[in-house]
Amino acid sequence: MEYDFKKIEADWQNRWKENNTYKVSNDSSKPKFYVLDMFPYPSGAGLHVGHPLGYIASDIYSRYKRLKGFNVLHPMGYDSFGLPAEQYALETGQHPAVTTEKNIATFRSQLDKIGFSYDWSREVSTSDPAYYKWTQWIFLQIFDSWYNRITGKAERISVLLEIFDNDGTVNHPCPGDKTLNFSAAEWNEFDEQKKQEILMDYRLTFSSYGEVNWCEALGTVLANDEVVNGLSERGGYPVEKKKMRQWYLRITEYADRLLSGLETVEFSEAMKEMQRNWIGKSQGAEMDFAITDSDQVLRVYTTRPDTIFGVDFMVVAPEHELVELITTSEEKNAVETYLTYVKSRSERERLSEVKQITGCFTGAYAINPFDGRQIPIWIAEYVLAGYGTGAIMGVPCGDQRDFLFAKYFNIPITNIIGEYFNGEEANPTKDAQLENSGFLNGLLMKDAITVANDKIESMGIGKRQVNYKMRDAGFSRQRYWGEPFPILWTDGIAVPLDAAELPLELPHAEKYGPGPNGEGPLANMSDWTNTPAGRRETSTMPGYAGSSWYFLRYMDPHNSQNFCDRSASDYWGQVDIYIGGTEHAVGHLLYSRMWTKVLYDLGFIGHDEPFKKLVNQGMITGKSYFFNVAESGNSAAVISSYEKETSNGSLLRFRYGHKCVDSTGKLLRKTLEENVAAGGVEAPAASINWLAKDGEEYIYLKEESEKMSKSKYNVDNPDELCEKYGADTFRMYEMFLGPVEASKPWDTKGIEGVHRFLRKLWRLFFDEMKGKVWNDEAPTQAELKVLHRTIKKIEEDTERFSFNTAVSTFMICVNELADLKCHKKQILEPLLFLLSPYAPHISAELCKLIGVAVSPVGEDATKSIYPVYDPALLVESSKDYPVSINGKVRTNLNIALDATQQDVEQLILENEVIKKWLDGKAPKKIIYVKNKMVNVVI
RNA sequence: GCCCAUGUGGCGGAAUUGGUAGACGCAGCAGACUCAAAAUCUGCCAUUCGCAAGGGUGUGAAGGUUCGAUUCCUUUCGUGGGCACCA
C-alpha cells in the first residue's frame with residue numbers, strides 16, 4: 001500500500017466540502033479565536049507561490065487552535081474592486097464584473113487544491129452589491145459624524161447642530177477651515193447652503209477641492225504611479241496639477257488615537273514605526289514675523305524655537321499666498337522665472353532630488369522680533385505648502401539642509417552654538433549652550449525650547465502647536481469599477497441617500513472611458529446620473545473602502561438588516577491574528593483602524609482596534625535572469641560577461657525570457673543556448689553578433705531575485721506543484737523555506753526533500769512489500785521520549801509562528817522513529833495529531849487507516865484533542881557538558897545534573913584532556929553553569 | 001538624504017534568555033541493493049595544516065564589554081524595503 005497523495009487529497013477535500021467540516025457557528029461554548037488573512041485582489045494572473053505563504057501559515061495556526069479546543073473563525077474573500085479590472089475592460093471591452101467573477105473562480109479552484117480549512121459559507125467579495133450596500137451605509141454613518149475634540153470621539157452631526165444653536169464655534173474650532181468663527185446667533189442667521197458648507201468642514205467624510213494629476217490628452221486623472229517625469233506613463237502626455245472636487249476621509253482627526261492605539265496592539269516594531277512616521281506627530285510652535293514695508297505677517301512653524309537667534313533666512317513654499325504680496329519689483333522677474341520652473345516639476349521630482357539646491361530671493365525681509373534683525377525671505381521648492389504653515393525659518397548652523405542652502409546662496413551664517421558648530425556642516429544637537437542668543441544666552445538648547453515658547457506666547461506673537469505630517473485621505477476616484485457614492489448633489493449641497501435606498505448599484509456600462517470635465521465614466525450615463533432629486537456623485541470610492549471593514553462582515557456575512565449584528569461582533573471581537581504583507585503598512589492598516597474607531601465611537605461595535613496581533617509574511621521572490629549587451633559604435637556586440645555591467649555605462653540590459661516564452665507564457669527552455677538553437681529567442685537587436693568563445697556560441701545570464709510577476713517570467717504556479725507532489729508536500733515545503741516573516745527566493749529544488757519525508761512517514765505505517773507494519777505494541781521509554789520531545793517542540797514552534805523549525809522537528813522525529821524501528825500506534829497516533837495542521841490530508845488518511853476515534857481534521861471534537869506532553873518523560877539525571885578552556889571547547893564530560901561546584905571541579909581536575917591543557921598548573925577559575933557548560937580559566 | 005530590516009557553508013536556513021556555530025533539508029561525493037534504472041539504505045560534506053592523533057581560523061569588516069559574543073555596545077561596509085526634502 002503506497003502513499004497515493006492524489007487520491008488521498010481529492011478524497012479528503014471532497015469529504016470536507018460535503019460535510020461542511022469547517023463551517024463555524026457564532027454560537028459555541030468554546031472560546032473564540034479569529035484568524036484572518038488579508039484577502040487578495042483576484043487578478044487575472046491567478047495565484048502564484050507567493051500568495052499561499054501567509055494562507056498556509058494561517059491555516060496551520062487555525063487548525064492548531066481548533067485542536068486546542070477553540071471555536072476558530074477562519075474566512076476568506078476577495079477585494080474585487082480595483083483598477084486592473086477596469087483597465088482590462090478598457091482594452092478588451094469585457095465587463096469588469098464578468099472578468100472579476102472569472103478570476104474569483106480561478107482563485108477559488110487554486111485555493112481548494114491546497115486544502116485550506118476556510119469557512120467558505122462566509123465568503124465576501126467587495127464588488128458584490130450585497131456587500132457594498134454596507135460599505136455605502138458605513139460611508140453615510142461617517143458622513144453624518146464629526147470629531148468632538150473635547151470628548152475625543154466621533155459624534156453625530158445632530159449633536160454639532162445643537163452645539164451651534166447654543167454656543168456657536170467657541171468650543172469647537174472648525175477642522176476644515178481654521179478661520180471659521182461664529183456665534184449661536186450668527187449661526188441661526190446663515191441660510192441652508194451656508195450651514196451645509198460649514199457642516200462639510202466638520203464631517204469625517206467630506207467633499208472639498210484638492211489637487212490631482214490631470215492629463216488633458218487622456219482626459220483623465222492619474223495616480224502618482226502613472227506619472228513619470230511629469231508625463232503620463234501611458235502615451236507620454238503632459239500632466240498638470242488641477243484643482244477638482246474630491247471626497248476625503250478626515251483621518252487627521254484620529255491622528256492621536258491612531259498613535260496611542262499602537263501601544264495596545266501586537267504589531268512588529270518596524271510596522272509601528274512606519275505608522276508613527278506616517279502620522280508624523282511633532283511638537284513645535286507657530287510664530288509670526290513682521291515684514292518690512294508691508295502690513296503682512298509671515299507665520300512659520302518650527303520644532304526648534306530655541307534657535308530663533310540663529311535664523312539667517314526664511315523660506316516660503318512657491319505656492320504660498322504671500323509670495324505675490326511681498327515680492328519686490330526688482331525681484332519680480334526672477335521670482336516669476338523660478339515659479340515657472342517649479343510648476344514644470346512634478347511633486348515627485350521636487351521631493352526626490354536632494355542634491356540640487358534651488359531657490360529665489362523675494363526681496364522682502366522679515367524682522368526678528370527679539371533683536372530686530374532683518375531676515376531675507378526666500379522661495380524654495382523644498383518647502384511644501386501643505387505642511388505646517390508652508391513657511392520655515394532657516395537655521396544654517398543647526399540644520400544641514402539650511403546650511404547647504406545658506407552656503408549655496410552665500411547667506412552669512414550666525415553661530416549660536418559655539419564650538420558645537422565647525423563651519424563645515426550643521427549640528428542638530430539639543431545639548432549645546434546657546435550663544436549670541438539674547439535672553440536665551442547660557443541656556444542648554446533643550447531647556448531653551450520651553451523658555452522660548454513661553455516668551456513667544458507671552459508676547460502674543462505665536463503659540464505652541466502640534467503638527468502632523470499625515471494629510472486627510474483622498475476618498476474618491478474618477479473611475480468606474482468601485483462603490484458609487486450614495487450622494488446626490490442639489491444646489492451645490494451633498495444630500496445623502498436614505499439607508500432604505502441602498503445599495504446604490506453600479507449601473508451597467510458599455511464603455512469605460514472618462515467622462516467630460518475630468519469626471520469619471522459614470523458621468524457619461526446621464527440616465528443614471530440625473531434624477532429628479534438631483535445629480536448623482538459620479539466618482540467612486542477607492543480600493544481601500546471595501547477592505548476597511550471586511551473583517552467585520554465575516555462575523556455576520558448574510559445579515560441583510562445590518563452590516564454586522566452587535567452580538568456577532570461582540571462574540572468574535574478583535575481579529576486575534578492578522579496575516580499579510582507589509583505593503584499595506586500605511587494604507588489599509590491605517591484606514592481600517594480609523595473605520596473601526598469611528599464605528600466604535602458611534603456604538604456599532606465594542607472594540608476600537610481591529611487587529612490584536614499582526615504577522616507580516618515576507619515576500620517570495622522569483623528568480624529572473626538578465627543579460628547585457630554592449631553598444632560599440634554603430635554595430636552592437638555582445639559582451640562576454642555580465643560582470644562588466646558595472647564597469648561600462650553603455651550596456652543594454654535584457655530580461656531573459658522576453659522572447660523565450662510560448663503563447664501561454666511558459667518558458668520554452670531553461671537555457672538561452674537552447675532557445676537560440678531552437679530559434680525560440682530572437683537577438684535583441686538585428687546588428688548584434690553573439691560573441692564566440694572556442695568556436696561556441698555562449699552568453700552569461702545574471703540571476704536576480706525580484707517580486708514575482710507574470711510580466712517578469714519568474715512565476716511558479718502552485719497548481720503544478722500540488723499536482724506533482726501533493727498539497728501536503730507543497731504546504732510543508734513553503735513553510736520549510738524559512739521564517740514566515742522573511743522574504744526569500746523561490747526555488748523548487750528542495751521540495752523533493754519534504755516529499756521524501758512524507759513518504760518516510762508513510763512507511764512507518766505501511767511497507768510496499770509487507771503492507772501493514774503498524775502495531776499495537778506498548779512503547780518503550782526511548783520511543784516515548786522521542787514523541788514527547790516532539791510534542792513539546794512542535795507546540796512551542798507553532799505558537800511562535802516558527803513553522804520552518806517545526807517542519808524540521810517533524811523530520812527529526814520521523815528519522816528517529818525509523819532508526820528505532822518504531823511502528824507503534826501509541827506513538828504514531830499522537831504524532832499524526834501534531835502533524836495534522838501542517839499536512840492535513842496524509843494525517844487524516846493515516847488516522848482513518850489505523851482506526852482513530854476522533855479525527856484531528858474532523859468537526860466532531862468537542863474539546864481539546866491536542867496531545868499533551870509529559871515533562872516526567874523528558875527528565876534526565878545527567879548531561880554531556882561541553883568543557884572549554886578559556887572559552888574554547890576541548891572535551892565533553894558527562895556530569896550528574898545535581899552535581900555541585902565542588903563535584904564538578906574535582907571531575908574536571910581528574911580529566912585527562914583537561915590535565916594536558918593545564919600542563920601541571922592550577923586553573924584560575926572554574927565556571928560551572930548548571931545545564932549549560934563548564935569553562936576552565938587558565 | 002531620512003527611516004526600517006538584514007548579512008552565518010555551494011544553496012535555503014538552525015542556534016528561543018550571552019553558554020558545544022552550521023540542526024533540518026537541498027545539491028555534491030563515495031558505497032550497498034539491482035541485469036539496469038527508479039526507489040531505498042549507509043558514510044562523508046565550513047576552511048586550513050596533518051597519514052593520523054590533534055591543532056589553527058571562521059557567523060560582512062574593525063574595535064569593545066565578558067570566564068565565554070552569531071547574540072550586547074561603538075564605528076563601518078554591503079544588500080533589501082519604505083518615504084510625503086515635513087522644518
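Throughout, protein chains are lettered first and strands after them, A, B, ... in sequence-line order, and every chain is numbered starting at 1.
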Nucleotide paired to B:G25 in any strand shown, Watson-Crick or G-U, under 3.5 Å: B:C11
Residues, nucleotides or ligands: over 12 heavy atoms within 6.0 Å of A:Q901 CD: yes
B:U66 to B:U17 separation - P atoms, rounded to the nearest Å: 23 Å
By salt bridge (charged side-chain N to carboxylate O under 4.0 Å, His left out) - contacts of A:D728 (at least two apart): none
A:E796: partners by salt bridge (charged side-chain N to carboxylate O under 4.0 Å, His left out), with sequence neighbours left out: A:K792
Provide a list of protein-nucleic acid N or O atom pairs under 3.5 angstrom, restricted to nucleotides 2-5 of chain B.
residue	atom	partner	partner atom	Å
B:C3	O2'	A:N277	ND2	3.0

Separation of atom CZ in A:R304 from atom C1' in B:A87, rounded to whole Å: 11 Å
A:F765 backbone acceptor or donor facing A:H823 side chain under 3.5 Å: no
Value in whole Å for how far the P atom of B:A38 lies from CD of A:E2: 18 Å
Donor-acceptor contact below 3.5 Å, side chain A:N616 vs main chain A:G580: yes
Sugar-phosphate, base or nothing in reach of A:I927, heavy atoms under 4.0 Å: base
For nucleotides 55-61 of chain B, print each protein N/O atom paired with a nucleotide N/O atom at under 3.5 Å, atom names and distance only.
residue	atom	partner	partner atom	Å
B:G55	OP1	A:W917	NE1	3.4
B:G56	OP1	A:R890	NH2	3.1
B:G56	OP2	A:R890	NH1	3.1

Counterpart residues, side chain to side chain contact (heavy atoms under 4.5 Å, CB included), relative to A:V297 (two or more places apart): A:D288
P gap between B:C45 and B:A52, integer Å: 13 Å
Pairwise P distance, B:C33 and B:U71 [rounded to whole Å]: 49 Å
Listed partners of A:R464 passing side chain to side chain donor-acceptor pair (under 3.5 Å), at least two apart: A:D454, A:E457
Given RNA chain B, 5'-ward residue of the pair A:I812 and A:Y301, judged by closest heavy atom: A:I812
Given RNA chain B, 5'-ward residue of the pair A:T809 and A:N931, judged by closest heavy atom: A:N931
B:A84 pairs with, by Watson-Crick or G-U criteria that keep both distances under 3.5 Å: none
Whole-Å gap separating P (B:G12) and CZ (A:F757): 23 Å
A:I908 CD1 to B:C67 C1', straight-line distance once rounded to whole Å: 14 Å
Show me the side-chain donor-acceptor pairs of residues 929-938 of chain A shorter than 3.5 Å, one per line, residues at least two apart or across chains.
residue	atom	partner	partner atom	Å
A:N935	OD1	A:S884	OG	3.2
A:N935	OD1	A:N886	N	3.4
A:N935	OD1	A:G887	N	3.0

Sugar-phosphate only, base, or nothing, as touched by A:K793 at under 4.0 Å among non-hydrogen atoms: base
Gap between atoms CD and P, on A:E795 and B:U16 respectively (whole Å): 19 Å
Contacting residues from residues 798-806 of chain A, given that a heavy atom lies under 4.0 angstrom of RNA chain B: A:R800, A:N804, A:T805
Enclosure of A:K613 NZ (heavy-atom neighbours >12, cutoff 6.0 Å): no
Touch class at under 4.0 angstrom, heavy-atom based, for A:N815 against every strand present: sugar-phosphate
Sugar-phosphate only, base, or nothing, as touched by A:V937 at under 4.0 Å among non-hydrogen atoms: sugar-phosphate
Side chains of A:L874 and A:K785 in contact at under 4.5 Å (non-hydrogen atoms): yes
Separation of B:A39 P from A:K760 NZ (nearest whole Å): 15 Å
Syn/anti state for B:G9 [syn: chi within 90° of 0]: syn
Show the distances under 3.5 angstrom between N or O atoms of the protein and N or O atoms of nucleotides 26-33 of chain B.
residue	atom	partner	partner atom	Å
B:C26	OP1	A:R756	NH1	2.4

Same-atom distance (C1') from B:G80 to B:G10, integer angstrom: 22 Å
Whole-Å distance separating the NZ atom of A:K924 from the P atom of B:U66: 14 Å
Pair A:Y838 + A:Y64: ring centers closer than 6.0 Å: no
Nearest-angstrom distance from the residue atom CH2 of A:W278 to P of B:A84: 6 Å
Residue list, salt bridge (charged side-chain N to carboxylate O under 4.0 Å, His left out) with A:E799, at least two apart or on another chain: none
Phosphate contact (B:U40 OP1 or OP2) by A:R759 side-chain N/O below 4.0 Å: yes
Qualifying residues under side chain to side chain contact (heavy atoms under 4.5 Å, CB included), relative to A:S282, sequence neighbours excluded: A:Y301, A:T303, A:Y387, A:N467
Residues which pass side chain to side chain donor-acceptor pair (under 3.5 Å) with A:Y338, listed by chain and number, not counting sequence neighbours: A:T358
A:T389 (side chain) donor-acceptor with A:R299 (main chain) under 3.5 angstrom: yes
Selected nucleotide, minimal atom distance to A:D797 side chain, candidates B:U16, B:G19, B:U20: B:U16
Nearest-neighbour nucleotide for the A:N935 side chain, B:G19, B:U20, B:G13 considered: B:G19
Closest to the A:K469 side chain, choosing from B:A21, B:G25, B:A84: B:A84
